[in-house]
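So the structure is just underneath, and the comments pick up after that.
Just so you know, these numbers use all the heavy atoms, side chains as well, and skip hydrogens, waters and symmetry mates.
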Amino acid sequence: MITEEKLADNFNTIIEEMHPRVWELLRHCYVKVITPCLMRSCIAPVSYIGIYCPQEIFASIVTEKNLLREVAKYLGLAEVVCLNATKLLRDPLSRVKKDYPHLWLELIWMTTQEQ
């Protein structure tokens, strides 16, 4: 079985090689395959791509969502969800820092890089 990390790498590789214009945006984002599990069991898990974007390019990424969905579906993923990483980090109610410290650090690093 292919791992979530490998799926995210495959997604990035396809975009980079087949859609270089979109890759110029996506390379500034954090791409993660997410498999939600409800009630502690994943009988038929449905994975999707989560794209965490800096606020400066969020709207541009959202306009490419149909293309990103096509690539995700090619890889067997259900959907693409775009998240504004800048807003997520600034949200005082966000639990990302506490619940997912590694993700929080990745998002901090990503949002502080120059576009």
Side-chain angles (χ1 to χ4, degrees):
M1 180 172 196
I2 192 163
T3 66
E4 291 177 350
E5 187 174 312
K6 184 68 174 163
L7 274 172
D9 288 343
N10 289 347
F11 181 85
N12 284 334
T13 300
I14 291 170
I15 297 296
E16 182 178 12
E17 292 179 8
M18 304 300 291
H19 307 284
R21 181 185 53 78
V22 177
W23 174 248
E24 284 305 311
L25 296 170
L26 194 64
R27 70 186 187 93
H28 298 287
C29 301
Y30 183 78
V31 177
K32 179 173 178 52
V33 172
I34 301 167
T35 305
C37 292
L38 302 174
M39 301 178 73
R40 298 183 188 219
S41 68
C42 289
I43 297 169
V46 178
S47 299
Y48 60 93
I49 289 279
I51 302 175
Y52 297 84
C53 312
Q55 186 164 329
E56 299 80 21
I57 63 170
F58 181 75
S60 298
I61 287 289
V62 170
T63 62
E64 301 295 343
K65 199 166 179 181
N66 286 335
L67 172 86
L68 298 169
R69 276 187 184 129
E70 286 179 30
V71 174
K73 288 185 181 193
Y74 172 78
L75 293 171
L77 301 166
E79 185 60 81
V80 173
V81 176
C82 299
L83 302 144
N84 186 324
T86 308
K87 284 187 177 181
L88 182 64
L89 291 171
R90 292 181 183 160
D91 182 353
L93 299 177
S94 173
R95 296 184 48 94
V96 172
K97 184 176 182 179
K98 181 180 179 189
D99 295 345
Y100 305 99
H102 179 76
L103 174 60
W104 182 79
L105 288 171
E106 291 280 349
L107 297 180
I108 289 286
W109 179 84
M110 178 201 64
T111 58
T112 58
Q113 301 303 303
E114 290 200 25
Q115 304 304 313

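- Test Val81, Val62, Leu26 against Ile51 for side chain to side chain contact (heavy atoms under 4.5 Å, CB included) and you get one pass: Leu26.
- For residues 59-71, the pairs satisfying side chain to side chain donor-acceptor pair (under 3.5 Å) are Arg21-Glu64, Asn66-Arg69, Arg69-Glu79, with sequence neighbours left out.
- Tyr48 is not listed as a side-chain neighbour of Val80, based on a closest heavy-atom distance of 4.5 Å or more.
- Residues Leu107 and Thr86 fail the side-chain proximity criterion, which asks for heavy atoms closer than 4.5 Å.
- Linking Ile, Leu, Val, Met, Phe, Trp and Tyr residues whenever their side-chain heavy atoms come within less than 4.5 Å leaves Trp109 and Phe58 in two separate clusters.
- The side chain to side chain donor-acceptor pair (under 3.5 Å) analysis of residues 4-20, with sequence neighbours excluded, yields the pairs Glu4-Thr35.
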**Item:** Derivation and outcome, side-chain contact (heavy atoms from CB on, under 4.5 Å), residues Val22 and Leu68
**Value:** CA-CA 9 Å; Val22 177; Leu68 298 169; 4.1 Å; yes

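- For the pair Tyr52/Val31, no side-chain contact is recorded, criterion being any heavy-atom separation below 4.5 Å from C-beta on.
- The CZ atom of Arg95 lies 9.5 Å from the OH atom of Tyr100; values are rounded to the nearest 0.5 Å.
- Across every non-hydrogen atom of Thr111 and Ala85, the tightest pair is CG2-CB, 3.9 Å.
- With Leu75 as the partner, the side chain to side chain contact (heavy atoms under 4.5 Å, CB included) test is satisfied by one option alone out of Leu7, Ile49, Val33: Leu7.
- The closest side-chain heavy-atom distance from Tyr30 to Leu103 is below 4.5 Å.
- Counting heavy atoms from C-beta outward, Cys53 and His28 have side chains that stay 4.5 Å or more apart.
- For the atom pair CD of Glu56 and CD1 of Ile61, the computed distance is 12.5 Å after rounding to the nearest 0.5 Å.
- Proximity of Ile108 to Leu89: side-chain heavy atoms (C-beta onward) are separated by under 4.5 Å at one or more points.
- Contact annotation: the side chain of Cys29 approaches that of Ile57 to within less than 4.5 Å [non-hydrogen atoms, C-beta and beyond].
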